[in-house]
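In this text, all values refer to a predicted model and were calculated from it rather than measured experimentally. The first residue in the sequence is number 1, and the count goes up from there.
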Amino acid sequence: MLPVGRKPVVQYVVEELNRVGMNRLLFITGPGKTSIENHFDLNLELTQTLREDGKEELLSALSFERAQVQYFYTRQRQLLGLGHAVMCAEAYVGNQPFVVALGDSIIGKNTESRIVERMTNCFRENEAAAVIAFEEVPREDVFQYGIAKPKQKGEVFEVEDLVEKPTVEEAPSNLAVAARYVLAPSIFGALKQTKPGAGGEIQLTDAIRKLLQDGSKVYGVRLGASEKRYDIGNFGSYFRAFTEFALADEKFGPELREYLKELIDADPS
Ligand code: G1P
């Protein structure tokens, strides 16, 4: 629920998915995250008051509430990693493909990214078991990500192997898993056979690797130039994301720019 600019991060993710036609969303949250459910509730009283007061700008900020989205919620009762969180969705998903979007990453500044649409197309065209979004990261940062060994170059490529949080020496490339996945339901069987990996957690990357080893096809789709990934998972990248979004704000961006210049000029160290 951390805000970036005017909205909580999770709202950007919901808007991104809704824009490409995903309208049934299951949130898998940890303990104490009831604020997410409250945020996505319809607040009819507030909407009515804003309408009566002619507060159109604030009203449009609530338009996501009226989008045709059905929200579902479940809890990951033990924090055993991303793979374990995905397993919590099994009863909900059933026997159909689904999208996983990590709630700590915003893709593109104005939620205009259609990466998930390109990924679902790739999934269908190639009868893949998994399609993953990738971004290039500096070589020295590979230890923070799942890293691909691609079979070919290009925007869309087949994945030969995947490794979670490798050392710089081990990393087969600098193509990092970028927070969006399209998965076949066969992932659940693979997850059940997956032992804790990096960080002692059940890693989704390891389960996808199992699908590869069983002969299934896994594809990668690169984020486009306008689809920068904003990582909200640590303070450094969160501060950068907030600053960039705040500077892009139509109303307050220009004065923030001046303010930052003044601050830096006053203390250039
Ligand atoms: C997770 C995944 C990793 C991926 C990253 C960013 O790591 O396990 O493969 O590269 O998200 O999407 P985490 O950030 O939870 O450590």
Is there a side-chain contact between [X] and [Y] in this structure, where contact means two heavy atoms from C-beta onward sitting under 4.5 Å apart?
X	Y	value
Asn23	Asn18	yes
Phe143	Glu170	no
Phe27	Thr74	no
Val20	Ile115	no
Ile187	Leu204	yes
Leu25	Gln70	no
Tyr71	Val14	yes
Met1	Val10	yes

SB check [X] [Y] (cutoff 4.0 Å):
X	Y	value
Glu15	Lys7	yes
Glu158	Lys149	no
Asp141	Arg139	no

Exercise. Check the pair Leu17, Val116 against side-chain contact (heavy atoms from CB on, under 4.5 Å), reporting the backbone distance first and the verdict last.
Key: CA-CA 7 Å; Leu17 296 176; Val116 169; 4.0 Å; yes

Practice problem: Go through the structure and list residues passing side chain to side chain donor-acceptor pair (under 3.5 Å) with Asp267, not counting sequence neighbours. | Solution: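 Side chain to side chain donor-acceptor pair (under 3.5 Å) list for Asp267, sorted by chain: Ser269.
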
Tell me the salt bridge (charged side-chain N to carboxylate O under 4.0 Å, His left out) pairs involving [range], sequence neighbours left out?
range	answer
residues 212-224	Glu136-Arg222
residues 174-201	Glu16-Arg180, Glu90-Lys192
residues 22-32	none

Any donor-acceptor N/O pair, [X] side chain to [Y] backbone, under 3.5 Å:
X	Y	value
Ser216	Ala129	no
Thr29	Arg75	no
Arg209	Leu162	yes
Tyr12	Val4	yes
Asp249	Lys251	yes
Thr120	Glu117	yes
Asn174	Val137	yes

Between [atom1] on residue [X] and [atom2] on residue [Y], distance to nearest 0.5 Å:
X	Y	atom1	atom2	value
Leu26	Cys88	CG	SG	9.0 Å
Asp265	Leu263	CG	CG	9.0 Å
Glu164	Ile208	CD	CD1	9.5 Å

Self-check item: Neighbour count >12 (heavy atoms, 6.0 Å) for atom CD, Glu127
Solution: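 Open.
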
Self-check item: Aromatic contact, Tyr230 with Phe245 (centres under 6.0 Å)
Solution: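 Yes: the rings meet the under 6.0 Å criterion.
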
Self-check item: Phe123 ring center within less than 6.0 Å of Tyr219 ring center
Solution: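 Ring centres of Phe123 and Tyr219 not closer than 6.0 Å.
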
Exercise. Using salt bridge (Lys or Arg N to Asp or Glu O under 4.0 Å) as the criterion, list what pairs up with Lys261, not counting sequence neighbours.
Key: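 In terms of salt bridge (Lys or Arg N to Asp or Glu O under 4.0 Å), with neighbours along the sequence ignored, Lys261 is linked to Glu258.
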
Exercise. Only counting residues at least two apart or in another chain, list the ones meeting side-chain contact (heavy atoms from CB on, under 4.5 Å) with Val93.
Key: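 Checked Val93 against side-chain contact (heavy atoms from CB on, under 4.5 Å); matches are Ala89, Gln96, Phe98, Phe188.
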
Practice problem: Answer yes if the side chains of Gln78 and His84 hold a donor-acceptor pair under 3.5 Å, and no otherwise. | Solution: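 Looking only at side-chain atoms, His84 and Gln78 do not form any donor-acceptor pair under 3.5 Å.
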
Practice problem: Specify whether Phe242 and Tyr238 have parallel, tilted or perpendicular ring planes, treating 30° as the upper limit for parallel and 60° as the lower limit for perpendicular. | Solution: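 If you compare the ring of Phe242 with that of Tyr238, the planes turn out perpendicular.
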
